[in-house]
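For reference, the structure is listed below as structure tokens.
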Amino acid sequence: MAALRSATGGGNWFSALALGVTLLKCLLIPTYSHSTDFEVHRNWLAITHSLPISQWYYEATSEWTLDYPPFFAWFEFALSHVAKYFDQEMLNVRNLNYSSSRTVLFQRFSVIFTDVLFVYAVHECCKCIDGKKAGKELTEKPKFILSVLLLWNFGLLIVDHIHFQYNGFLFGLMLLSIARLFQKRHMEGAFLFAVLLHFKHIYLYVAPAYGIYLLRSYCFTANKPDGSIRWNSFSFVRLISLGLIVFLVSALSLGPFLALNQLPQVFSRLFPFKRGLCHAYWAPNFWALYNALDKVLSVIGLALKLLDPSKIPKASMTSGLVQQFQHTVLPSVTPLATLICTLIAILPSIFCLWFKPQGPRAFLRCLILCALSSFMFGWHVHEKAILLAVLPMSLLSVGKAGDASIFLILTTAGHYSLFPLLFTAPELPIKILLMLLFTIYSISSLKTLFRKEKPLFNWMETFYLLGLGPLEVFCEFLFPFTSWKLKFPFIPLLLTSVYCAVGIIYAWFKLYISVLTDPPVSKTKKQ
């Protein structure tokens, strides 16, 4: 705190926060636990460095084939030309599971270095925050609180800097595009998001929010006094300019593969529908509850002799949480069914964004609902995708008490759902301590910010959040000593997934109610 106050005196508190989290990331380097994603990205370095572009999306020596869009492939290509000065052997395609100390250092530091974009994006987002609620103390100011919530986000820290991924700079692109839309720099925001989509296609989840908002607030240049559209204010020039941005970025990304007649192969890698409904660990969403209900019904059916044991799919009753999950009692779910459910879940938020204009804030709410709806009902969703809603929700949390409450429930449940990513003993105290520190700070800072308003949690929400403690004690400290460990090894993952799914669905529902019931803001000028 003394260092922070010293930095505050010079007006450099943001730099102090950024430097502090960077040092923490460096301290986390020894926590490397040989995650799957570490080998995934090492393999992609090797593929892009040692093979011609025509083979990038065909190479299959490793099971971890290249399945990100071309911009990310070029990103790995660029990194590989630095990596060769650390350890040339990491760039050999046939060196599977290669993890020398120099390889670990290079990959860890490459994530830390590229996080510079995330830090800049957070700084830009802070400029968009209303400072009306600013207290006398620096630590009570919304911009300070937001900076901590983003820069020191627990989920991002463990996913990128212990487990291993490059989410930081990708979320940096997204947050920067959001900041540009808040600053009414629509073309820059559209360009950044188009680039982001060609780095990682998971951001398609939030594309509807961008498309509708840019059409409604940029292509239509004026509203009527009641907030409805002035149809004669439509600008074809602006629509064409947006389309040109999307076209040029897409051409730059996909053009080489179109010339090689490889687009079908690229898309087959990007959208592998042959994978199951759920990932190996069920993401805490609607399908986790659906799967759990199917498992409970099948157990009851067996006990009552209503089901034939020989006809029950083996995977659904033995190993528990697997990729290819066949339902026993409930109807099995197809990719088309998940798409329809996702679209139905997204539509109300899109409707509100179009007919209840509230400027960039409404766009941000719609973006979060699109991310959550896709997380809730999408096909083969990864648990890490919850960060796509958690990080943007941070921006809303410092604006209204209701949003702060939703943020805290969503973040706490979502962050705890990431615990199974770090499953080895050395990481156990680290993940518990880091989450406790982040959660305690989040709750205390937002309670202080909104201390003049009603409490952030009701008794039911408080009970739910406190329930995470006993759940962790059971899963980590009690279950390993029970007889169930050998017969039902998947129970801790199932309980974690189901319990967190309840909290995340509740936060999603609560945010939706808020969006649907908020009155529109009447504006006659361009938003």
Side-chain angles (χ1 to χ4, degrees), residues 205 271-347 372-386 413-414 416-420 423 460 464 467-468 470-471 474-475 478-479 482-509 512:
Y205 286 174
F271 304 100
F273 288 112
K274 292 182 180 180
R275 295 178 181 176
L277 170 66
C278 295
H279 194 242
Y281 157 55
W282 297 344
N285 59 12
F286 175 81
W287 302 123
L289 300 183
Y290 188 86
N291 293 344
L293 177 60
D294 181 79
K295 187 170 285 290
V296 169
L297 291 175
S298 64
V299 170
I300 294 173
L302 285 173
L304 298 177
K305 297 183 178 180
L306 299 175
L307 296 175
D308 182 356
S310 64
K311 294 183 180 180
I312 294 179
K314 185 179 179 182
S316 70
M317 292 307 300
T318 54
S319 59
L321 303 179
V322 294
Q323 287 190 349
Q324 295 292 344
F325 186 93
Q326 293 178 287
H327 295 96
T328 304
V329 179
L330 299 177
S332 291
V333 181
T334 65
L336 179 60
T338 63
L339 176 61
I340 292 172
C341 290
T342 302
L343 291 176
I344 292 173
I346 285 175
L347 278 176
L372 279 176
S373 298
S374 300
F375 183 84
M376 284 291 103
F377 301 104
W379 178 266
H380 197 75
V381 173
H382 288 238
E383 68 282 354
K384 298 181 286 290
I386 192 60
Y416 183 78
S417 74
L418 299 174
F419 266 36
F423 51 85
M460 181 181 67
Y464 171 81
L468 290 169
L471 176 63
F474 174 78
C475 292
L478 299 181
F479 182 80
T482 66
S483 59
W484 295 346
K485 182 179 179 181
L486 295 177
K487 192 174 182 181
F488 305 108
F490 56 85
I491 283 181
L493 290 179
L494 186 148
L495 291 177
T496 300
S497 180
V498 169
Y499 195 89
C500 292
V502 172
I504 292 171
I505 291 174
Y506 176 80
W508 170 74
F509 184 75
Y512 237 130

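Nothing here was measured: the structure is a model prediction, and the numbers come from that model.
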Sub-3.5 Å donor-acceptor pair from the side chain of Asn285 to the main-chain atoms of Phe375, do we have one? yes
Got a second to check how far Leu494's CG is from Cys475's SG, nearest 0.5 Å? 10.0 Å
Report the distance from atom CG of Leu468 to atom CZ of Phe419, rounding to the nearest 0.5 Å. 9.0 Å
I want to check a possible cation-pi pair here: Lys295 against Tyr290, using under 6.0 Å from ring centre and within 45° of the ring axis as the test. no
Here the pair of heavy atoms bringing Pro489 nearest to Leu486 is CD-O, 3.7 Å
Write down the atom of Glu383, the atom of Pro284, and the distance for their closest heavy-atom approach. CB-CD, 4.2 Å
Identify, with sequence neighbours excluded, every residue that meets side-chain hydrogen bond (donor to acceptor under 3.5 Å, both in side chains) alongside Tyr506. Glu461
Just jot down the side-chain contact (heavy atoms from CB on, under 4.5 Å) partners of Phe474, sequence neighbours excluded, or say none. Leu478, Phe479, Trp484, Ile491, Leu495
Going by side-chain hydrogen bond (donor to acceptor under 3.5 Å, both in side chains), name the residues that satisfy it together with Ser373, two or more places apart in sequence or in a different chain. Trp508
Rounded distance (nearest 0.5 Å) linking atom SG of Cys341 with atom CD1 of Ile346: 11.5 Å
Using side-chain contact (heavy atoms from CB on, under 4.5 Å) as the criterion, list what pairs up with Leu304, not counting sequence neighbours. Ile300, Leu306
Taking every heavy atom of Ala288 against every heavy atom of Ala283, the minimum-distance pair comes out as CB-O, 3.4 Å
Ala345 backbone acceptor or donor facing Tyr512 side chain under 3.5 Å: yes
Using a 4.5 Å cut-off on heavy atoms from C-beta on, say whether the side chain of Pro420 contacts that of Thr496. yes
Under the criterion side-chain contact (heavy atoms from CB on, under 4.5 Å), I'd like the reasoning laid out for Leu372 against Ile386: C-alpha separation, chi angles, the key distance, then a yes or no. CA-CA 7 Å; Leu372 279 176; Ile386 192 60; 4.0 Å; yes
Can you tell if the side chain of Thr334 reaches within under 4.5 Å of the side chain of Leu339, non-hydrogen atoms only? no
Verdict with supporting geometry, Phe377 and Ile340, side-chain contact (heavy atoms from CB on, under 4.5 Å): CA-CA 9 Å; Phe377 301 104; Ile340 292 172; over 6 Å; no
Who are the side-chain contact (heavy atoms from CB on, under 4.5 Å) partners of Leu297, not counting sequence neighbours? Leu293, Val329, Leu330
Mind checking whether Val381 and Met376 have side chains closer than 4.5 Å, heavy atoms only? no
Where the side chain of Ser298 meets the backbone of Asp294, is there a donor-acceptor pair that is under 3.5 Å apart? yes
How about Tyr416 and Leu471: do any of their side-chain heavy atoms sit closer than 4.5 Å? yes
Tyr464 side-chain N/O to Gly503 backbone N/O, donor-acceptor pair under 3.5 Å: yes
